Amino acid sequence: MRQRGDRFHVEISVTDQAVDVRPVGEIDIATVGSFRAAPARPVLRVELSGVRLLSASGVRALVAAHLRVRARGGELVLVDPDPVVARVLRATGLHRVMVVRESTRLGELVPA
């Protein structure tokens, strides 16, 4: 499934146990609605390497997704944040609340 805009698009892959979301572009007030479209599964992985900007609206969307997934007993995992996004995660303290991982060449996830 793919949603596209001029400054932003998101690819969503769904399996029985996980949803993989790959947003590319800027997550801000104009684009955050399409970012929220992920279906419910036990694990929500958000690959952030293609995100150039994470605004306050984007931070709120991540927090809301984290709370929704946790309420169902699941886990939100942020993968490969761009350095700019990683700074936002650290500045807001989200790196202490949410799981942040880096992927390896073999597709495994390691702590960031």
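Note that the structure is a prediction, hence the values are computed from the model and not measured. Along the sequence shown, residues are numbered consecutively beginning with 1.
- No donor-acceptor pair closer than 3.5 Å links the side chain of Thr92 to the backbone N or O of Val59.
- Linking ILVMFWY residues whenever their side-chain heavy atoms come closer than 4.5 Å, directly or via other members, leaves Leu53 and Val24 in distinct clusters.
- Listed by chain and residue number, Glu75, Val77, Arg101 satisfy the side chain to side chain contact (heavy atoms under 4.5 Å, CB included) test with Val99 (two or more places apart in sequence, or in another chain).
- Considering only residues two or more places apart in sequence or on other chains, Val85 meets the side chain to side chain contact (heavy atoms under 4.5 Å, CB included) condition with Leu48, Val51, Leu54, Pro81, Asp82, Leu89.
- The nearest pair of heavy atoms linking Ala61 to Val32 is CB-CG2, 3.3 Å.
- If you chain together hydrophobic residues whose side chains sit under 4.5 Å apart, Ile29 and Val88 never meet in one group.
- Take Arg70 and apply the side chain to side chain contact (heavy atoms under 4.5 Å, CB included) test, not counting sequence neighbours, and it matches His66.
- For the residue pair Asp28/Ser57, the side-chain donor-acceptor check at 3.5 Å is not satisfied.
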For Ser49 and Glu47, what are the C-alpha separation, side-chain angles and deciding distance, and is it a side-chain hydrogen bond (donor to acceptor under 3.5 Å, both in side chains)?
CA-CA 6 Å; Ser49 65; Glu47 203 262 283; 2.3 Å; yes
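- To the nearest 0.5 Å, the span separating CZ on Arg96 from CZ on Arg90 amounts to 11.0 Å.
- In this structure, the side chains of Val21 and Leu44 come closer than 4.5 Å at one or more pairs of heavy atoms.
- Here Arg45 contributes atom CZ and Thr15 contributes atom OG1; the two are 6.5 Å apart, rounded to the nearest 0.5 Å.
- Taken to the nearest 0.5 Å, the CZ atom of Arg68 stands 9.5 Å off from the CG atom of Leu76.
- Val84 and Leu78 sit in two unconnected hydrophobic clusters of ILVMFWY residues. Membership requires side-chain heavy atoms under 4.5 Å apart, directly or through other members.
- Side chains of Val63 and Met98 form a contact here, defined as non-hydrogen atoms less than 4.5 Å apart.
- Looking only at distances, no side-chain donor or acceptor of Arg22 sits under 3.5 Å from a matching main-chain atom of Ile12.
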